[in-house]
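These notes are about the structure you will find just below.
Counting convention: from 1, in listed order, for ligands and their atoms alike. Just so you know, these numbers come straight off a predicted model, no measurement behind them.
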Amino acid sequence: SGGGDAGAAAGPKPTDELVVGFAQVGAESGWRTANTTDIQNSFKDAGIELKFSDAQQKQENQIKAIRSYIQQGVDVIAFSPVVETGWDAVLNEAKAANIPVVLTDRAVDSQDDSLYVSFLGSDFIEEGKKAGQWVVDEYADSTDPVKIIQLEGTTGAAPAIDRAEGFADVIGADDKFEIVASQTGDFTRAGGKQVTEALLKANPDVDLIYAHNDDMGLGAIEAIEAAGLVPGEDIKIVTVDAVKDGMQALADGKINFIVECSPLLGKQLVDIVNQINEGETPEKRIITEETTFTQEQAVEALPDRQY
Ligand code: GZL
């Protein structure tokens with residue numbers, strides 16, 4: 001089945017004949033594994049066949065997976081681009097094969113937005129701004145300099161670029177805030193720990209760590225404790241995601257604030273696939289609902305967290 005004719009003149013296919021190819025980034029973080037689980041469960045519940053690949057955070061593996069889905073003639077291709085650049089060639093191959101493409105979670109920098117039907121995911125700049133606003137509010141009464149270490153996500157990834165931009169926009173309003181060091185931890189716990197160990201040695205008087213995801217924040221906690229300091233007190237921590245392990249650390253007072261980034265995109269992706277099959281045009285940009293959590297709110301929310 002397949003053949004890239006979803007929504008074409010052939011008319012809608014029965015759901016149980018639809019085949020979707022999904023090229024996932026990897027399994028680098030709690031967020032990513034929750035995202036994978038939700039997408040796989042959503043397609044199983046919908047009775048739609050999902051071919052799935054894990055690229056171990058390598059763009060060439062994602063491109064290979066997309067090419068294999070084109071060869072197999074799937075009806076729709078969906079993927080979360082590990083980095084923003086370098087997709088036009090393979091997306092033009094999907095277009096030539098008349099296979100619609102949906103971007104989930106992360107964006108591409110292609111100028112030609114005919115290369116994908118929809119983007120479904122978060123507004124990462126907004127997430128960075130929410131993190132920055134908490135920092136501005138937290139230090140509103142301080143006149144001393146506030147020294148910040150930033151743990152960046154994967155270099156070139158939309159969430160890393162945009163979360164840094166949104167954060168800088170907001171704290172840039174007051175020059176008491178200074179990002180004394182900024183380095184990628186590649187969205188992993190190990191990366192967050194290694195980078196924090198190194199940057200703490202060079203910046204022992206840092207006030208706060210802004211990590212682009214919980215996993216790097218959890219790694220930073222290990223490094224801070226290994227240095228004999230108290231995370232959440234001696235050095236405050238602000239992260240993004242709100243996965244269970246991050247929310248537990250927040251409830252335990254080791255993280256001070258978390259900006260939520262929802263990984264639960266599966267249901268909306270199924271809806272987009274069904275719209276394409278029905279010959280409808282899904283919205284070009286579908287932004288997920290998400291909130292923020294203080295330590296008190298984490299204690300309340302933890303029992304009901306799905307991921
Ligand atoms: C954000 C997603 C990021 C998460 C990280 O939508 O791309 O990648 O914030 C994950 O935890 O690794």
Side-chain angles (χ1 to χ4, degrees), residues 22-39 54-59 61-62 78-85 87 102-109 116 118-131 150-167 184-193 195 209-221 237-250 255 257-269 285-293 305-307:
F22 189 84
Q24 181 60 293
V25 167
E28 72 281 2
S29 62
W31 190 97
R32 186 64 55 198
T33 45
N35 178 245
T36 290
T37 303
D38 183 64
I39 287 170
D54 171 334
Q56 284 96 37
Q57 287 187 280
K58 291 183 176 54
Q59 179 171 30
N61 291 345
Q62 280 193 300
F79 78 113
S80 170
V82 59
V83 293
E84 286 190 342
T85 55
W87 300 101
V102 178
L103 302 181
T104 64
D105 162 31
R106 296 187 185 176
V108 298
D109 69 352
Y116 56 91
S118 297
F119 165 81
L120 163 62
S122 304
D123 180 338
F124 300 128
I125 291 181
E126 196 51 40
E127 291 173 346
K129 289 185 172 180
K130 289 175 185 175
Q150 178 171 234
L151 301 179
E152 301 169 13
T154 302
T155 303
I161 294 166
D162 292 353
R163 285 172 185 166
E165 180 185 324
F167 186 78
T184 182
D186 210 18
F187 281 130
T188 66
R189 201 175 289 210
K193 181 178 181 183
V195 170
I209 291 177
Y210 168 47
H212 290 176
N213 79 332
D214 289 354
D215 290 69
M216 293 191 292
L218 292 164
I221 285 170
I237 301 178
V238 175
T239 68
V240 184
D241 276 351
V243 293
K244 198 177 280 289
D245 289 350
M247 291 288 275
Q248 188 60 62
L250 181 61
I255 290 179
F257 187 68
I258 299 185
V259 176
E260 184 184 37
C261 175
S262 175
L264 305 180
L265 306 177
K267 174 81 186 62
Q268 288 172 288
L269 181 54
R285 186 167 162 77
I286 302 159
I287 301 301
T288 43
E289 298 290 314
E290 46 204 36
T291 182
T292 58
F293 293 96
R305 282 308 272 178
Q306 292 178 56
Y307 57 88

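Residue-level contacts of ligand 1 at the 4.0 Å heavy-atom threshold are E28, S29, W31, R32, D105, R106, F124, P159, R163, F187, N213, D241, C261.
Shown are D215, D105, N213; of these, the side-chain hydrogen bond (donor to acceptor under 3.5 Å, both in side chains) with R32 is made only by D105.
Looking only at atom types and distance, the side chain of H212 has a donor-acceptor partner in the side chain of Q150 under 3.5 Å away.
For the side chain to side chain contact (heavy atoms under 4.5 Å, CB included) test, residues two or more places apart in sequence or in another chain that qualify with D186 are Q57, T154, T184. Looking at residues two or more places apart in sequence or on another chain, you find a ring pair (Phe, Tyr, Trp, His ring centres under 6.0 Å) between W87 and F79. For V238, the side chain to side chain contact (heavy atoms under 4.5 Å, CB included) partners are A131, W134, V135, L208, Y210, F257, not counting sequence neighbours.
Inter-residue side-chain proximity for T37 and Y307 is flagged as unmet; no heavy-atom pair is nearer than 4.5 Å.
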